[in-house]
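Note that the structure is a prediction, hence the values are computed from the model and not measured. If you read the sequence from its start, that first residue is 1, and numbering goes on from there.
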Amino acid sequence: MSKEFDFIVVGAGTAGCLLANRLSANGKFSVALLEAGGSDNYHWVHIPVGYLYCMGNKRTDWLYKTTSQKGLNGRALNYPRGKVMGGCSSINGMIYMRGQANDYDQWRQMGNEGWSWDDVLPYFKNMEDSYEGENKFHGAGGEWKVNQQRLSWNILDSFQEATVEAGIPKVDDFNEGNNFGVSYFKVNQNSGFRWNTVKAFIKPIKNRKNLHIISQCEVNKLILENNKIRGVEVTRNGKIEDIFVHKEIILSAGSIGSPKILELSGIGNPKLLSDLGIETKVKSLNVGENLQDHLQLRVIYQLENAETLNQKANSLLGKIAIGIEYALKRTGPMSMAPSQLGIFAMSDKSYETPNLQFHVQPLSLDKFGDPLHDFPGLTASVCNLNPQSRGSVHIESKDPKIAPSIDPNYLSEEQDKLVAAQSIGLARKIITQPAMKKYNPKEYAPGIQFQSEDELKKVAGDIGTTIFHPVGTCGMGPGTSSVTDSNLKVRGVEGLRIADASIMPTITSGNTNAPTLMIAEKASELILNSN
């Protein structure tokens with residue numbers, strides 16, 4: 001294997017696969033794509049319901065945990081991140097969600113030129129292959145497939161009807177800039193199989209002579225010389241090796257991995273680094289700071305006279321029927337994204353655009369990984385799209401094998417607690433509409449005994465859990481205190497950029513996979529235009 005390349009992309013996840021495709025396309029540059037995990041040739045990666053078996057599985061997941069969270073009444077959470085070709089696109093919920101125009105216009109108003117909604121929409125469209133075909137908001141013929149779901153549940157249709165009765169309109173598309181409404185999510189699937197970034201961006205071009213894909217290759221640190229990037233130190237096949245770069249290194253290791261690599265390389269807060277015995281090469285106080293995530297509150301209802309996945313999955317005959325349906329048609333529960341029906345709404349009248357997102361599911365369980373309940377169940381999981389709480393990710397050792405400390409600092413801001421209480425109230429408003437009366441719904445969690453605002457704020461800490469959207473730990477901005485600039489260059493370092501969800505200054509209003517792809521698409525243009 002060559003030890004020198006024009007570009008090195010660190011992380012073959014959502015962003016990295018697209019970057020490797022684009023940077024190697026003209027044939028002029030040699031590109032190395034480094035991935036700590038292994039191949040995506042694992043059947044549970046490709047069967048949509050397989051996310052259940054990929055999270056918490058060392059074959060596909062980094063197996064991170066958060067610190068104990070004061071806002072969650074002392075609980076720590078599992079924190080899945082993809083450690084496999086395709087990264088989180090190989091283990092996520094497959095929901096295609098761009099966020100709202102307001103998100104990107106806010107980035108631009110914060111001083112990040114070129115990142116407004118009108119600026120970024122062409123990048124979303126460029127990669128897209130939408131079932132709708134090309135129109136004002138969607139692209140056709142790109143690599144990233146966006147399709148309708150291949151299943152139907154009467155209980156979800158009824159909940160959609162109840163949402164309309166509660167004053168939230170039915171819409172067709174959540175990806176046109178303002179998401180207010182209720183609709184079924186669009187998914188990144190093809191013919192009933194998961195569509196990950198390996199299938200989209202790597203398999204069609206894997207034989208390019210200038211593209212070198214190196215899996216099972218963990219980056220220990222960056223090699224710097226007078227604040228200029230020279231290469232990376234990696235562990236591969238149990239040995240430490242150096243790989244050198246001529247032009248640029250692009251970190252696409254995600255909101256946990258990218259700040260970890262920066263700090264291990266001596267780029268970060270000098271006090272934190274010196275305490276761990278790491279020489280500071282570049283002072284950058286906000287590396288690992290500004291962590292934002294969506295906290296979901298799972299409001300669960302016990303139903304009567306309803307068909308839900310609980311009954312099907314808890315019956316041997318039901319399981320056989322599910323398996324046969326998927327084998328023959330690629331439809332039904334095995335083709336399910338984790339959530340099917342979506343709602344975007346405002347928690348109170350002070351918001352101009354939605355600040356809440358519901359993921360509604362025809363199933364219920366006490367917590368992720370537990371068996372489904374033995375009664376017909378519905379879960380209306382709701383998250384605050386624009387949390388004010390900020391956390392951090394920092395290394396705890398100069399040993400790259402040691403996981404970093406992940407502290408999302410959930411519900412540390414009073415406004416987030418208020419929105420949490422309001423969001424449970426909105427779920428209750430929808431469930432009491434006429435369309436749901438025939439199911440005689442009873443609140444299983446958090447429990448109807450919690451009524452006051454203070455009670456709901458407290459119970460939010462008992463039931464809140466991550467919906468796996470960490471961003472912001474290498475946030476871009478115009479000031480010197482930001483980790484990256486609007487061209488995604490790492491401040492104070494020559495030849496280093498970051499292109500993943502960590503550069504988001506504020507979290508987008510929804511699932512973060514599509515925005516991460518957009519960031520990579522824009523990054524590839526910025527890189528090629530300057531080399």
Side-chain angles (χ1 to χ4, degrees), residues 48-49 51 92-103 124 130-132 137-138 146-189 293-301 308-309 333 335-347 351 353-364 378-387 419 422-424 426-431 433 435-436 465-469 507-515:
V49 79
Y51 70 92
N92 71 0
M94 296 161 283
I95 292 172
Y96 183 75
M97 187 64 59
R98 296 171 176 172
Q100 303 189 94
N102 214 37
D103 302 329
F124 280 114
S130 171
Y131 76 98
E132 297 178 74
F137 292 103
H138 293 284
V146 179
N147 283 303
Q148 293 175 300
Q149 297 181 62
R150 298 162 65 89
L151 48 82
S152 175
W153 293 90
N154 290 335
I155 184 63
L156 294 183
D157 292 340
S158 295
F159 199 83
Q160 182 176 41
E161 190 181 332
T163 305
V164 173
E165 291 171 342
I168 298 168
K170 187 176 179 180
V171 295
D172 291 328
D173 189 1
F174 283 139
N175 290 295
E176 296 182 352
N178 183 328
N179 293 356
F180 181 50
V182 56
S183 187
Y184 283 91
F185 291 124
K186 307 302 188 294
V187 292
N188 299 123
Q189 294 181 5
D293 189 16
H294 289 141
L295 184 75
Q296 65 173 337
L297 306 176
R298 297 171 61 252
V299 185
I300 297 172
Y301 291 95
T308 72
L309 186 60
S335 74
M336 280 170 63
S339 303
Q340 298 78 48
L341 183 70
I343 304 165
F344 284 81
M346 283 72 89
S347 61
Y351 291 89
T353 55
N355 69 316
L356 298 179
Q357 180 184 5
F358 283 83
H359 293 76
V360 189
Q361 308 151 333
L363 56 88
S364 64
L378 175 88
T379 300
S381 174
V382 58
C383 65
N384 176 359
L385 291 171
N386 312 121
V419 171
Q422 292 171 331
S423 66
I424 295 171
L426 180 55
R428 289 173 172 175
K429 178 181 178 182
I430 295 170
I431 204 74
Q433 297 302 313
M436 291 301 293
T465 187
T466 178
I467 204 162
F468 320 121
H469 297 161
I507 194 166
T508 53
S509 299
N511 313 72
T512 49
N513 185 256

Participant: If you round to the nearest 0.5 Å, how far is CD of Gln160 from CD1 of Ile155?
Facilitator: 12.5 Å

Participant: Quick check against the 3.5 Å criterion: does Gln149 have a side-chain atom that pairs as donor or acceptor with the backbone of Gln340?
Facilitator: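 Looks like yes, one N/O pair under 3.5 Å.
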
Participant: Can you confirm whether Leu356 sits close enough to Gln422 that some side-chain heavy atom of one is under 4.5 Å from a side-chain heavy atom of the other?
Facilitator: no

Participant: Measuring from atom NZ of Lys186 to atom CG of Asp172, what distance do you get when rounded to the nearest 0.5 angstrom?
Facilitator: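 Here the rounded value is 6.5 Å.
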
Participant: So do Val49 and Pro333 actually touch side chain to side chain, heavy atoms under 4.5 Å?
Facilitator: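 Side-chain contact under 4.5 Å: no.
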
Participant: Report the C-alpha separation of Ile431 and Leu378 in whole Å, then their side-chain angles, then the decisive distance to 0.1 Å, and conclude whether the side-chain contact (heavy atoms from CB on, under 4.5 Å) test is met.
Facilitator: CA-CA 10 Å; Ile431 204 74; Leu378 175 88; 4.1 Å; yes

Participant: Looking only at heavy atoms, which two atoms of Pro354 and Leu385 are closest? And how far apart?
Facilitator: O-CD1, 3.8 Å

Participant: Please give me the minimum heavy-atom distance between Ala337 and Gly93, naming the atom from each residue.
Facilitator: CB-O, 3.3 Å

Participant: Please report the interatomic distance CD1(Ile507) to CG(Asp293), rounded to the nearest 0.5 Å.
Facilitator: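 Result: 6.0 Å between the selected atoms.
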
Participant: Using a 4.5 Å cut-off on heavy atoms from C-beta on, say whether the side chain of Asn513 contacts that of Ile95.
Facilitator: no

Participant: To the nearest 0.5 Å, what is the distance between NE2 (His359) and OG (Ser339)?
Facilitator: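 If we round to the nearest 0.5 Å, His359:NE2 and Ser339:OG are 5.0 Å apart.
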
Participant: Backbone N or O of Met94 within a donor-acceptor pair of the Gln189 side chain at under 3.5 Å?
Facilitator: no

Participant: Taking the inter-plane angle between the rings of Phe174 and Phe185 on a 0 to 90° scale, is it parallel (under 30°), tilted (30 to 60°) or perpendicular (over 60°)?
Facilitator: tilted

Participant: Should Phe344 and Val171 count as side-chain neighbours, where that means a heavy-atom distance under 4.5 Å?
Facilitator: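 Sidechains of Val171 and Phe344: no contact.
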
Participant: Please name the pair of heavy atoms, one in Ile168 and one in Ala345, separated by the smallest distance, quoted to 0.1 Å.
Facilitator: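 Scanning both residues completely, I find the closest heavy atoms to be CD1-CB, 3.8 Å.
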
Participant: Evaluate the side-chain proximity of Tyr351 to Val419: yes if any heavy-atom separation is below 4.5 Å, no if none is.
Facilitator: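 When only atoms from C-beta onward are counted, Tyr351 and Val419 do touch, with a gap below 4.5 Å.
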
Participant: Over all heavy atoms of both residues, which pair between Leu295 and Thr466 is shortest? Give the atoms and the distance, please.
Facilitator: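 Of all heavy-atom pairs spanning Leu295 and Thr466, the closest is CD1-N, 4.3 Å.
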
Participant: Answer yes or no: is there a donor N or O on one side and an acceptor on the other, between the side chain of Asn355 and the main chain of Ser347, under 3.5 Å?
Facilitator: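 It does hold such a pair.
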
Participant: Could you tell me whether the side chains of Asp103 and Thr508 share a donor-acceptor contact shorter than 3.5 Å?
Facilitator: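 Note: Asp103 and Thr508 side chains miss the donor-acceptor criterion.
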
Participant: What closest approach, in Å, do Ala162 and Ala435 show between heavy atoms, and which atom pair accounts for it?
Facilitator: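 Scanning both residues completely, I find the closest heavy atoms to be N-CB, 3.7 Å.
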
Participant: Just by modelled atom types, is the Val146 backbone N or O under 3.5 Å from a matching donor or acceptor in the Asn188 side chain?
Facilitator: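 Side chain of Asn188 to backbone of Val146: no pair is present.
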
Participant: Are the side chain of Gln357 and the backbone of Ser509 linked by a donor-acceptor contact shorter than 3.5 Å?
Facilitator: no

Participant: Is there side-chain contact between Phe159 and Ile343, with heavy atoms separated by less than 4.5 Å?
Facilitator: yes

Participant: Against Pro362, only a single residue in Leu341, Asn154, Thr379, Leu156 fulfils side chain to side chain contact (heavy atoms under 4.5 Å, CB included); can you say which?
Facilitator: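 For Pro362, the side chain to side chain contact (heavy atoms under 4.5 Å, CB included) check succeeds only for Leu156.
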
Participant: Has the side chain of Glu161 got a donor or acceptor atom that lies under 3.5 Å from a matching backbone atom of Asp157?
Facilitator: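 No, because the side chain of Glu161 does not come within donor-acceptor range (under 3.5 Å) of the backbone of Asp157.
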
Participant: Looking at Asn178 and Phe180, would you say the former's side chain and the latter's main chain have a donor-acceptor pair under 3.5 Å?
Facilitator: yes

Participant: Take Ser423 and Asn384 through the side-chain contact (heavy atoms from CB on, under 4.5 Å) test and state the conclusion after the steps.
Facilitator: CA-CA 8 Å; Ser423 66; Asn384 176 359; over 6 Å; no

Participant: List the steps and the verdict of side-chain contact (heavy atoms from CB on, under 4.5 Å) for Gln100 and Asn179.
Facilitator: CA-CA 7 Å; Gln100 303 189 94; Asn179 293 356; 3.7 Å; yes

Participant: Distance-only, no hydrogens or angles: does the Ser158 side chain make a donor-acceptor pair with backbone N or O of Met436 under 3.5 Å?
Facilitator: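 Flag not set: sc Ser158 to bb Met436 has no pair under 3.5 Å.
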
Participant: Flag the pair Glu132 / Phe137 as yes when at least one side-chain heavy-atom distance between them is below 4.5 Å, and no otherwise.
Facilitator: no

Participant: List the steps and the verdict of side-chain contact (heavy atoms from CB on, under 4.5 Å) for Phe358 and Leu426.
Facilitator: CA-CA 10 Å; Phe358 283 83; Leu426 180 55; 3.7 Å; yes

Participant: Taking side chain to side chain donor-acceptor pair (under 3.5 Å) as the test, write out the residues that go with Arg150, two or more places apart.
Facilitator: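 With neighbours one apart ignored, the set is empty.
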
Participant: Starting at CG of Asn92, measure out to CD1 of Ile467 and round the result to the nearest 0.5 Å.
Facilitator: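 It is 11.5 Å, given to the nearest 0.5 Å.
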
Participant: Going by atom types alone, do Thr465 and Gln296 pair a side-chain donor with an acceptor below 3.5 Å?
Facilitator: no

Participant: Is the shortest side-chain heavy-atom distance between Leu363 and Thr308 below 4.5 Å?
Facilitator: no

Participant: Using a 3.5 Å distance criterion without hydrogens, assess whether the side chain of Asn175 forms a donor-acceptor pair with backbone atoms of Arg98.
Facilitator: yes

